[in-house]
Amino acid sequence: MAATADAPRPRDAAGPGRAGAPGRGPGPMDPLAIATEATRSLQGMSTELTARIPQLLEAMRSVGTGLELHSTLDRITRIAAELTDARYAAIGIIDSTGKGLADFITYGVTKEQHERIGALPDGHHGLLGALIHQPAPVMLTDLSSDPRSAGFPPEHPPMRTFLGVPIRVGAEIFGNLYLTEKRDGREFSLADLNMVKILATEAGIAIGNARVHDEERQRMRWIDGSVAVTTALLSRGDAEDALSVVAEQARRLADSAAGIVLLPDGDGGLEMVAVSADDPSGLLGTVIPPHSPVVSHLLAGEPVFIDDSATDPRMITEVAPRFGPSMLLPLKSGDRVLGTLATPRARGARRFTPAERTLAAQFAAQAALALVMAEAQRDRERLAVYEDRDRIARDLHDLVIQRLFATGLMLESAQRNAVVPDVKVKVGQAVDELDVTIQEIRTAIFALQQGPAEAPAGLRTRVLRELGTAAVPLGFQPSANFVGPVDAKVGELTGKNLIAALREALSNAFRHARASRMEVVVDATVTLPDGRPAVRLTVADDGVGIPEGGRRSGLRNLAKRAESLGGSSSYGPGLGEDGGGTRVVWEAPL
């Protein structure tokens, strides 16, 4: 029974000439009552069924083994097929709305047949839809003659005889068990029907246990993921890295095709600022405009759940057709909505269960709290850095410049009193060098004293600010050179990522390079191999270089960031003697 077994529509009766067509099953029963009822139902049954009791008992024992839900469902379909000698079996799991199917597990249909048949049934039409709305056992001698039958799609295996029985977990209809095509070509018998009814009862118990176990295991995974996110956020200093951690963990926990963090873009919309995906192209920088129906809900702190992003009219971005079921969860801490966490699955993937939705919403709330805590921690660290920078700036002004100035005055006096011409010239050159040095130190003092709110938002200023911040741990001021109209040409998204790349390169140099000199060049006049205008960031030092077998995680981060924008990153020899040190080149389209 394959993906489109949705098509056949059997009768509500046991079939032509068959007595005892069952209707709705009884309400929930405890295991003892079920066993008692099953024993009663065996009394007075046919010799055929009596002979198959050992096989039925062994099947019931096998169904109850194992606690993993999907393995349990696979096992039930296989055992049901073996018990009735059917070629094909399937279980259709009813979705949370009670009107369609959330999943469809098959036995007897090969992977190649599944691929040729196409998408799994949704349960809204045909026989499967009828059994959802009328959950009663059904037995048919010929599917095609049933008035509800819609036929089979191309490449579907031929199926004629049919047996369907609902599976109940407590008071809830979990789904239906379907069997088709006995191997000997005969029709399904009343003995088959009675055995499958008993098996479905036992399957309901096994599924209930597996569900509880699966939900508990899933809950522990999400809790562990929340702890990992909190630990990672509080141990990292970079805000963008923190958002990437949230996206990566959410993708892993939700078993989704992507994990995406969106932040308000200033115009009322939401921008994708951190993406974890096998194919992130086109995602980073995508904006959900303010007129999107989902934005108002998300900014109000309300989650949005989508069954199919490709067809839902609320999903209006260009990337929506790439995905199927999606969760859009507000990153909310208290009354503050920081942004949104999105976990879209691939097209055709199963929908998110109510348990998954609840756990993901709890994860988003925990991640938002961790982000707020990490932000406060970064603010404290930034304040400590600015206080240190103020102290260094005061020391430079009060001590170093004053001494250099006094030294310059002494040299000028010595120059006037010098008799040898060459001495006068050399002293004059030294005085000029001191003047230049004093000017450079004053520039550095200005950069050190400049707070984040005082600087304009231009890329040039942001680069200088990063270099000023890096000067403290490095122990020297890196030089900066700008080529072309950097502020006018480089877009905001590329500029953000360039600053993040610069920060990564400076951090690597501080931790590993042991450099004494560093040069930074931002060139907005370059062209990529495909002809697109681009900006290139070059960071070179005279340190120890990258050792053989050393870690490359920082370089991989640079490359990943550039590739997400359609650019590239590479490294090579640095500024030291014979190419000592490291030169990192990062470029991306403007």
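For reference, positions follow the sequence shown, starting with 1.
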Does the side chain of Pro303 come within less than 4.5 Å of Pro330's, by heavy atoms?
-> yes
Sequence neighbours excluded, every pair satisfying salt bridge (charged side-chain N to carboxylate O under 4.0 Å, His left out) that has a member inside residues 581-590 = Arg536-Glu587
Test salt bridge (Lys or Arg N to Asp or Glu O under 4.0 Å) applied to Arg460 - qualifying residues, sequence neighbours left out | none
Are any side-chain N or O atoms of Ser333 and backbone N or O atoms of Arg336, one a donor and one an acceptor, separated by less than 3.5 Å?
-> no
Side-chain touch Leu537/Val584, heavy atoms, less than 4.5 angstrom | no
Quick one: which residue pairs count as a side-chain hydrogen bond (donor to acceptor under 3.5 Å, both in side chains) with a foot in residues 283-293, not counting sequence neighbours?
-> none
So, Thr538 and Asp523: side-chain donor and acceptor under 3.5 Å apart, yes or no?
-> no
Quick one: is the NZ or CZ of Arg345 closer than 6.0 Å to the six-membered ring centre of Phe323, and within 45° of its axis?
-> no
Out of curiosity, Lys489 NZ to Leu459 CG, how far, rounded to the nearest 0.5 Å?
-> 13.5 Å
With sequence neighbours left out, what residues match Asp308 under salt bridge (Lys or Arg N to Asp or Glu O under 4.0 Å)?
-> none
Could you give the distance from OG (Ser569) to CD (Glu504), rounded to the nearest 0.5 Å?
-> 10.0 Å
Min side-chain heavy-atom separation Phe352-Ile306 under 4.5 Å = no
Any pair counted as salt bridge (charged side-chain N to carboxylate O under 4.0 Å, His left out), so long as it reaches residues 466-486, sequence neighbours left out = Glu466-Arg503
Side chains of Pro289 and Val295 in contact at under 4.5 Å (non-hydrogen atoms) | no
Using the test side chain to side chain contact (heavy atoms under 4.5 Å, CB included), find all partners of Ala588 that sit at least two apart in sequence or belong to another chain.
-> Thr494, Leu565, Trp586
What pairs with Arg322 under side chain to side chain contact (heavy atoms under 4.5 Å, CB included), at least two apart in sequence or on another chain?
-> Asp279, Leu283, Val319
Under a 4.5 Å cut-off applied to non-hydrogen side-chain atoms, are Leu341 and Phe363 in contact?
-> yes
Only counting residues at least two apart or in another chain, list the ones meeting side chain to side chain donor-acceptor pair (under 3.5 Å) with Glu563.
-> none
Interatomic distance, Arg357 atom CZ to Gln362 atom CD [nearest 0.5 angstrom] | 14.5 Å
Short question: side chain of Thr343, backbone of Gly259 - any donor-acceptor pair under 3.5 Å?
-> no
Please round to the nearest 0.5 Å and tell me the distance separating atom CG of Leu262 and atom CG of Leu338.
-> 13.0 Å
Non-neighbouring partners of Ser570 that pass side chain to side chain contact (heavy atoms under 4.5 Å, CB included), sequence neighbours left out = Val585
Less than 4.0 Å between a side-chain N and a carboxylate O, is that true for Arg251 and Asp278?
-> yes
Taking the side chain as every heavy atom from C-beta outward, state whether Thr340 and Val261 have any pair of such atoms under 4.5 Å apart.
-> no
List in chain and number order the residues that pass side chain to side chain contact (heavy atoms under 4.5 Å, CB included) with Val287, two or more places apart in sequence or in another chain; answer none if no residue qualifies.
-> Asp265, Glu271
Residue pair Leu331 / Val337, side-chain heavy-atom distance below 4.5 Å = no
Listed by chain and number, what are the salt bridge (Lys or Arg N to Asp or Glu O under 4.0 Å) partners of Arg347, not counting sequence neighbours?
-> none
Do Asp541 and Arg517 come within less than 4.5 Å of each other through their side chains, counting heavy atoms only?
-> no
Could you walk me through whether Leu467 and Leu506 pass the side-chain contact (heavy atoms from CB on, under 4.5 Å) test, one step at a time?
-> CA-CA 8 Å; Leu467 297 183; Leu506 292 172; 4.0 Å; yes
For Asp530, what residues pass the salt bridge (Lys or Arg N to Asp or Glu O under 4.0 Å) criterion, not counting sequence neighbours?
-> Arg532
